[in-house]
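First comes the structure, then the notes that go with it.
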2 protein chains.
Amino acid sequence: MFSKACEYGIRAMIYIAQQSRQGERVGLKDVAQGIDSPEAFMAKILQALSRQGLVQSVKGPNGGFYMDAPGLKVTLAEVVLAIDGDQLFTGCGLGLPECNEKKPCPIHDEFKLIRNKIKSLLETTQVGEFNELLEKGVLHLKRV
Amino acid sequence: MFSKACEYGIRAMIYIAQQSRQGERVGLKDVAQGIDSPEAFMAKILQALSRQGLVQSVKGPNGGFYMDAPGLKVTLAEVVLAIDGDQLFTGCGLGLPECNEKKPCPIHDEFKLIRNKIKSLLETTQVGEFNELLEKGVLHLKRV
DNA sequence: GGAATAAAGGATAATTTTGTCCTTTTATTG
DNA sequence: CAATAAAAGGACAAAATTATCCTTTATTCC
Ligand code: SF4
Ligand code: SF4
């Protein structure tokens, strides 16, 4: 469904959202350990997300990644779009080309319905939404 | 959503289902051209599908790939499973590990619902289902 | 049986994705 | 200002996926 980079990206955003809720910053190493991802690869992904403004970052001592209040409202859809592009939201999952609304294949309507459901699920889910469960220790972002 | 191999596989199955409806056989070259896929790669994929019994094949002159009557009833789910495995049908699309039904994350229920819809769509769609549209020229398996 | 034909299979190459390492830039602290 | 800490970025490496080529095996036709 998503690339590895995208999975790490989603998990990292959720992790940072929870860890930085009092304006604290989270270091790369912390994030990588917290979500069980390779550190250097994680760095690349966070760089990209940072460039696109989905997460804030500060260099230097006591620096790191964080989110401001509006940052917590970033949706999973935005993260996915930033990393994997819009392939999942548009186009045919079956790779059947050259079809349009007027000449749909047998599964088009249902397929489109599903695609839209995925889209809307991701669009209505914010990275800050997982905080409570994470604090309760009910949700884990890595294997224990 | 699916790997390239899987997309080619699905298209090829649909193509063969339509081309071989009078017991005719379709050659590799024919399939590859018919669905616009690299020939040698297509060969590997068809070999795998053939080994798993999802498509029939005959060697030698006038040989090729074909489906018998029950073959037309093979579902897209079977094809996907044969090529990409069950990752799409099981497990978490978000790559969040260590969660179970008792400790679901905020999106689990809706996510699972979508996953099941994809599964059931693929399970209820047979490769022979596209024949009519293909014959009418309404559906294309490659860019024209 | 021999020639021709077409899939099966093995080996290898190109590309993309994933992952690592090292240097540079920017900020903080004393 | 100097030392240090941390992200940014460039170059490179490994692994997986996609793609190609060549040989072998099975089948048909003469
Ligand atoms: S009509 Fe069929 S092939 Fe075309 S985009 Fe819709 S589902 Fe895919
Ligand atoms: S509970 Fe959440 S993280 Fe776990 S499988 Fe369900 S959707 Fe994925």
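Just so we're clear, the structure is a prediction, and the values are computed from it rather than from any experiment. By convention in this document, chain letters (A, B, ...) are assigned in the order of the sequence lines, proteins followed by strands, and residues within each chain are numbered from 1.
- Between the OG1 atom in Thr125(B) and the CZ atom in Phe130(B) there is a gap of 6.0 Å [rounded to 0.5 Å].
- Phosphate proximity of dA8(C) to Ser50(B): present, with a side-chain N or O under 4.0 Å from OP1 or OP2.
- As a whole-Å value, the separation of Lys4(B) NZ from dT17(C) C1' is 15 Å.
- Rounded to a whole Å, the CD1 atom of Ile83(B) is 13 Å from the P atom of dA19(D).
- Whole-Å rounding puts the Gln87(B) CD to dA16(D) C1' distance at 13 Å.
- Listed pair Arg51(A) / dA7(D) fails the phosphate criterion, with no side-chain N or O lying under 4.0 Å from OP1 or OP2.
- In this structure, Ser57(A) reaches the dA8(D) phosphate: one of its side-chain N or O atoms is under 4.0 Å from OP1 or OP2.
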Q: Summarise how protein sits on nucleotides 20-30 of chain C as a single string, 5' to 3': B when a protein heavy atom is under 4.0 Å from the base, S for sugar-phosphate-only contact, - for no contact.
A: B----BBBB--

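- Across Val55(A) and Tyr66(A), no two heavy atoms sit closer than the pair CG2-O, 3.4 Å.
- The bend of the helix from dG1(C)-dC30(D) to dG30(C)-dC1(D), defined by the angle between the axes of its first five and last five pairs, stands at 10° to the nearest 10°.
- Across the protein-nucleic acid pair, Glu7(A) atom CD and dT17(C) atom C1' stand 13 Å apart, rounded to whole Å.
- An OP1 or OP2 oxygen of dT18(C) is reached within less than 4.0 angstrom by no side-chain nitrogen or oxygen of Tyr8(A).
- Side-chain contact between Asp30(B) and Tyr15(B) is present, with heavy atoms from C-beta onward closer than 4.5 Å.
- For the pair Gln33(B) CD and dA6(C) C1', the computed distance is 15 Å after rounding to whole Å.
- Shown here for Ala17(A) and Val127(A), the closest heavy-atom pair between the two residues is CB-O, 3.7 Å.
- Counting heavy atoms from C-beta on, the side chains of Leu76(B) and Ile10(B) come closer than 4.5 Å.
- To the nearest 0.5 Å, atoms CE (Met67(B)) and OG (Ser20(B)) are separated by 6.0 Å.
- Taking the side chain as every heavy atom from C-beta outward, Phe89(B) and Leu81(B) approach each other to under 4.5 Å.
- A salt bridge does not link Glu110(B) with Arg115(B): every distance from a Lys NZ or Arg NE/NH1/NH2 to an Asp or Glu carboxylate oxygen is 4.0 Å or more.
- The CG atom of Leu28(A) sits 4.5 Å away from the CD atom of Glu39(A) when rounded to the nearest 0.5 Å.
- Atom CG in Leu46(A) sits about 15 Å away from atom P in dA6(D), given to the nearest Å.
- The separation between Leu28(B) atom CG and dA19(D) atom P is 14 Å, rounded to whole Å.
- Rounded to an integer number of Å, the gap from CG of Asp36(A) to P of dG19(C) is 11 Å.
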